[in-house]
Amino acid sequence: MLIAAAVCPCPPLLVPEVAAGAAPELDGLRAACSEAVRALAAARPDCLIVVGPADRAGRGKHAQGAAGSFRGFGVELDVRLAAPTAEGTSGGGDAAGRGPSPELPPSPPTLPTSLAVGAWLLEHAGWDPAVPVEGLGVGEPLAAERCIEVGRELAGRAERVALLVMGDGTACRTLKAPGYLDERAAPFDAEVARALAAADTGALAALDEELAYELKAAGRAPMQVLAGAGEGARLKGELRYDEAPYGVGYFVASWLS
């Protein structure tokens, strides 16, 4: 049963080393994400599943300890998905996120970028690696009905399941946005924000797949997985962040009992 969830965006710029000189611009977003992840830990789940959008190569399950990398963005930074080490600490890197722990042998990165960002968030929030963690890469074309089914399946994994849902809103909020300005983007994001604030699973389930695709809302499928997982859980929502820096809708939310 789903007992807690956090929703965070997944731009690589969330990682300060990737953002470089622009890092301070997203300090507020990073702080909101850290608070949301710590709230997940405080719920004391039996397991955590990190769900995020993925291309074809990154779709499917990713085991605890799976490797991710930001080297494709010009920085020598690697992460692990909540990997325990010989000392029982996270294997994704030290507290400053400077590469993998020396106790773990290097392995090729398999995490899609969204889950690599999620792994980075877990490291920096001090996630206890003794709590089992798994990743799930979800394809953008996945139909809403299937997303909801997947969410229900995830919620049935254990008595106390938590989800960390990685996903952005639309990418068409301004003229300089990746998808240019589309007047439909702001109302779409407003409805997502309202649904997250109210823990409204029905509203998330009803998001228009075609419109989300046209507006480059990469978080649509992961959020509809959350909709399925949260059915009947009666969680309370809190919207921690709702802004559109760089013309992309970013949300941070917590669903807690």
Side-chain angles (χ1 to χ4, degrees), residues 1-8 10 33-54 58-68 79-93 101 104 107 110-112 114-138 142 146-167 196 199 201 204 219 221-238 252-257:
M1 178 179 179
L2 186 71
I3 55 94
V7 175
C8 295
C10 53
C33 289
S34 293
E35 292 170 0
V37 174
R38 290 189 179 104
L40 280 183
R44 302 178 66 84
D46 295 331
C47 65
L48 171 70
I49 304 167
V50 186
V51 182
R59 295 175 191 172
K61 296 180 181 179
H62 297 268
Q64 185 163 3
V79 292
R80 296 274 191 139
L81 187 59
T85 68
E87 283 73 26
T89 58
S90 174
S101 168
L104 289 171
S107 60
T110 61
L111 293 176
S114 65
L115 299 191
V117 174
W120 182 89
L121 287 175
L122 292 176
E123 286 183 16
H124 287 259
W127 186 265
D128 181 0
V131 178
V133 177
E134 179 182 303
L136 180 64
V138 180
L142 193 64
R146 181 55 186 149
C147 290
I148 292 167
E149 291 174 2
V150 169
R152 291 169 180 159
E153 293 167 4
L154 296 182
R157 290 277 189 87
E159 185 174 342
R160 298 179 62 81
V161 174
L163 293 186
L164 173 55
V165 179
M166 309 298 298
L196 293 175
T201 58
L204 288 183
M223 290 183 195
Q224 290 188 316
V225 171
L226 171 61
E231 286 182 350
R234 298 184 179 181
L235 301 179
K236 297 178 181 178
E238 177 185 358
V252 180
S254 292
W255 287 14
L256 303 167
S257 57

For [X] and [Y], which heavy atoms make the closest approach, and how far apart are they?
{"X": "Val252", "Y": "Cys33", "result": "CG2-SG, 3.7 Å"}
{"X": "His124", "Y": "Arg38", "result": "O-NH2, 3.7 Å"}
{"X": "Leu111", "Y": "Ala66", "result": "CD1-O, 3.6 Å"}
{"X": "Pro222", "Y": "Gly52", "result": "CG-C, 3.9 Å"}
{"X": "Ala43", "Y": "Ala4", "result": "CB-CB, 3.7 Å"}
{"X": "Gly68", "Y": "Ala116", "result": "CA-CB, 4.4 Å"}

How many angstroms lie between [atom1] in [X] and [atom2] in [Y], if you round to the nearest 0.5 Å?
{"X": "Leu204", "Y": "Leu196", "atom1": "CG", "atom2": "CG", "answer": "5.5 Å"}
{"X": "Glu231", "Y": "Met1", "atom1": "CD", "atom2": "CE", "answer": "12.0 Å"}
{"X": "Ser257", "Y": "Ile3", "atom1": "OG", "atom2": "CD1", "answer": "6.5 Å"}
{"X": "Leu163", "Y": "Trp255", "atom1": "CG", "atom2": "CH2", "answer": "9.5 Å"}

Item to check | Name of the residue among Val37, Asp128, Leu40 meeting side-chain contact (heavy atoms from CB on, under 4.5 Å) with Leu48 | outcome: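 One option only clears the test, and that one is Leu40.
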Is there a side-chain contact between [X] and [Y] in this structure, where contact means two heavy atoms from C-beta onward sitting under 4.5 Å apart?
{"X": "Leu115", "Y": "Leu81", "value": "no"}
{"X": "Ile49", "Y": "Val161", "value": "yes"}
{"X": "Leu235", "Y": "Thr201", "value": "no"}
{"X": "Leu226", "Y": "Val51", "value": "no"}
{"X": "Leu256", "Y": "Glu238", "value": "no"}
{"X": "Val150", "Y": "Leu136", "value": "yes"}
{"X": "Gln64", "Y": "Pro132", "value": "yes"}
{"X": "Val50", "Y": "Leu121", "value": "no"}

Next on the checklist: Tell me whether Ser114 contacts the main-chain N or O of Pro53 through its side chain, where contact means a donor paired with an acceptor under 3.5 Å.
Outcome noted: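 Present.
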Next on the checklist: So does Gly65 get a backbone contact from the side chain of Arg80, meaning a donor-acceptor N/O pair under 3.5 Å?
Outcome noted: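 Between the backbone of Gly65 and the side chain of Arg80 there is a qualifying donor-acceptor contact (under 3.5 Å).
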Checklist entry - With sequence neighbours excluded, what pairs up with Ser254 under the side chain to side chain donor-acceptor pair (under 3.5 Å) test? => result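 Expected list: Arg240.
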Next on the checklist: Between Arg146 and Glu149 (salt bridge meaning N to carboxylate O under 4.0 Å), is one present in this structure?
Outcome noted: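 Counted as a salt bridge, because a side-chain N and a carboxylate O are separated by less than 4.0 Å.
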